[in-house]
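Worksheet: the structure to be examined is printed underneath.
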There are 2 protein chains.
Amino acid sequence: MGTMPDRTGNPRISQPAVRRYSHYYRTLLEARGRGDVSVSSRELAERTGVTSVQVRKDLSMIGTFGKRGLGYPVDGLLYELAQVLGLDSRWPMVLAGVGHLGTALLNSARFRRKGFPIVAAFDVDEERIGTMVGGLHVQHIDLLPHVIRQLDARIGIIACSPHAAQEVCDQMVKAGLRALLTFMPVNLEVPAGVRVRHHDILVELEALAFGLRQEEELSEDVDNPGA
Amino acid sequence: MGTMPDRTGNPRISQPAVRRYSHYYRTLLEARGRGDVSVSSRELAERTGVTSVQVRKDLSMIGTFGKRGLGYPVDGLLYELAQVLGLDSRWPMVLAGVGHLGTALLNSARFRRKGFPIVAAFDVDEERIGTMVGGLHVQHIDLLPHVIRQLDARIGIIACSPHAAQEVCDQMVKAGLRALLTFMPVNLEVPAGVRVRHHDILVELEALAFGLRQEEELSEDVDNPGA
DNA sequence: TATTGTGAAAGGGTTCACAGCG
DNA sequence: CGCTGTGAACCCTTTCACAATA
């Protein structure tokens with residue numbers, strides 16, 4: 001465990017950087033769609049909303065693929081980013097909670113297309129169990145451990161009711177999942193080594209409200225400065 | 001514009017901090033639900049997954065409400081956080097794109113309950129226009145500017161198809177919205193002063209895949225060290 | 001004694017300035 | 001000349017150590 005980058009070129013990549021890689025990847029796909037064969041850091045930067053230096057720093061973290069004076073080869077960079085982000089593998093997912101949100105997720109073809117297929121759906125509601133949603137039979141949640149092992153699922157999506165979230169989470173962890181994505185406003189307790197990402201829309205909305213509110217106060221302070 | 005905190009106690013609050021405030025707020029609501037009258041920074045920290053010092057630093061940014069030796073008063077802190085996050089106002093939202101995702105959002109009572117009601121829904125599909133979803137009539141997107149002004153909407157939600165996202169975004173900005181939440185994998189171009197938050201599930205999934213992949217490589221390197 | 005509040009130190013990420021190449 | 005690549009400076013956030021106080 002030295003300071004040396006490993007053979008993949010990983011000298012320690014931060015979470016924000018990983019997020020940016022996702023954006024670069026998407027932007028490169030668009031560029032390829034337009035027939036571009038190479039792309040400059042500035043171009044990439046403008047389309048993703050960061051600086052061009054940031055792009056170069058980020059890309060230099062995973063290797064050196066650019067041609068000076070020219071830019072980066074679209075195909076080559078796509079390949080490398082796919083490698084880093086793990087997009088050269090499939091990551092089968094299971095979903096718990098087939099409400100409105102779960103249904104929306106199950107009906108999206110995008111995840112499957114991008115290598116993150118939802119391979120099983122679970123619920124506790126007898127009315128829902130057995131029905132077909134997004135091409136899958138909804139199964140009883142008790143089958144979760146068995147199905148996860150059978151289908152070799154890697155990621156768990158928690159879209160059930162908030163009060164069931166922790167229990168579902170426990171079951172997923174016990175069944176061997178090490179990566180969870182939850183949409184519920186509940187802080188999940190998981191053992192070390194299990195990654196959880198919260199996707200709480202309300203947090204985003206509150207952040208937006210904070211920004212708007214701050215702007216308001218700022219303009220009020222123009223009329224009402226000092227103490 | 002000195003270094004002095006303004007009278008609200010704002011010495012410059014970072015985005016990550018705002019997100020944590022959201023989590024604290026939610027945790028405090030739970031504490032109040034259990035009848036707790038005061039809560040320590042450690043407790044708040046454990047439930048939100050940060051350190052207790054972080055909690056104290058964060059809270060000291062917006063004022064000093066704790067009683068030493070005791071902790072923070074639940075009600076008082078809730079009030080202050082609500083103030084900071086703008087939860088003492090309502091933030092009416094409009095939604096564009098009544099597909100699976102849009103429908104899921106419209107059917108969620110949570111946003112309305114928390115002060116972020118969706119007050120209008122739009123689409124371009126003639127089949128959808130006029131139907132009722134989540135208690136709202138779906139209207140033609142061309143009515144967006146008019147309705148935004150009429151209902152004094154503050155936040156726009158973009159849940160339409162990716163290729164329409166930029167156009168919808170432009171219309172929302174033109175109609176006066178300064179805060180947008182998009183679920184589409186498209187980088188929106190907006191004028192300065194307009195806040196956009198991307199909520200792309202695929203980015204989260206790719207970040208999870210990155211983590212899992214990294215762990216795999218790490219354990220492989222045990223068998224296969226050096227070059 | 002338990003816990004908050006905070007100046008100072010440390011750490012991590014971003015930006016700068018410029019060297020290196022095509 | 002254009003654009004990448006990168007060590008160093010800078011800045012912001014987190015952590016530490018400890019003073020303050022119910």
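In what follows, chains are A, B, ... by sequence order, proteins preceding strands, each numbered from 1.
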Main chain of Leu202(A), side chain of Asp200(A): is a donor-acceptor contact present, judged purely on distance under 3.5 Å? yes
To the nearest angstrom, how far is Glu80(A) atom CD from dT4(D) atom C1'? 16 Å
Using 30° and 60° as the class limits, which term best fits the ring planes of His23(A) and His198(B): parallel, tilted or perpendicular? perpendicular
dT4(C), dG13(C), dA8(C): which one has an atom nearest the side-chain heavy atoms of Arg56(B)? dT4(C)
Rounded to the nearest angstrom, tell me the gap between atom CD in Gln54(A) and atom C1' in dC11(D). 14 Å
Atom CG of Leu59(B) and atom P of dT3(C): how far apart are they, to the nearest Å? 15 Å
Counting the atoms with a prime plus P, OP1 and OP2 as sugar-phosphate, which does Gly69(A) contact under 4.0 Å by heavy atoms, base, sugar-phosphate, or nothing? base
Could you check Tyr72(B) against Ser14(A) and say which one's nearest nucleotide on DNA chain C is further toward the 5' end? Tyr72(B)
One should read off an interatomic distance between Leu81(B) CG and Phe65(B) CZ, to the nearest 0.5 angstrom, of 8.0 Å
Of the nucleotides dA17(C), dT4(C), dT4(D), which has the atom closest to the Ser41(B) side chain? dT4(C)
Select one nucleotide: of dT14(D), dA20(D), dT15(C), the one nearest the side-chain heavy atoms of Val53(A). dT15(C)
Do you know the tightest heavy-atom contact between Leu205(A) and Met93(B)? CD2-SD, 3.6 Å
Over 60° means perpendicular and under 30° means parallel, so classify the ring planes of His199(A) and Phe183(A), tilted if in between. perpendicular
Roughly, in whole Å, what's the span from NZ in Lys67(B) to C1' in dA20(D)? 14 Å
Of the options dT14(C), dT14(D), dG5(C), whose atoms approach the side-chain atoms of Arg68(B) most closely? dG5(C)
Could you state the CD-P distance from Gln15(B) to dT14(D), rounded to the nearest angstrom? 12 Å
Rounded off to whole Å, could you give me the NZ-to-P distance for the Lys57(B) and dA17(D) pair? 14 Å
Quick check on DNA chain D: between Asp58(B) and Gly66(A), whose nearest nucleotide comes earlier from the 5' end? Gly66(A)
Expressed as a whole number of angstroms, how long is the span from Glu46(A):CD to dC3(D):P? 11 Å
Applying a 4.0 Å non-hydrogen cut-off, can you work out what Thr51(B) is touching in the nucleic acid: base, sugar-phosphate, or nothing? sugar-phosphate
Want to settle it: does Arg20(A) or Leu70(A) sit nearer the 5' end of DNA chain C, counting the closest nucleotide to each? Arg20(A)
What is the distance, to the nearest angstrom, from the CD1 atom on Ile13(A) to the P atom on dG12(C)? 15 Å
Phosphate OP1/OP2 of dC3(D) contacted by Ser40(A) side-chain N/O (<4.0 Å): no
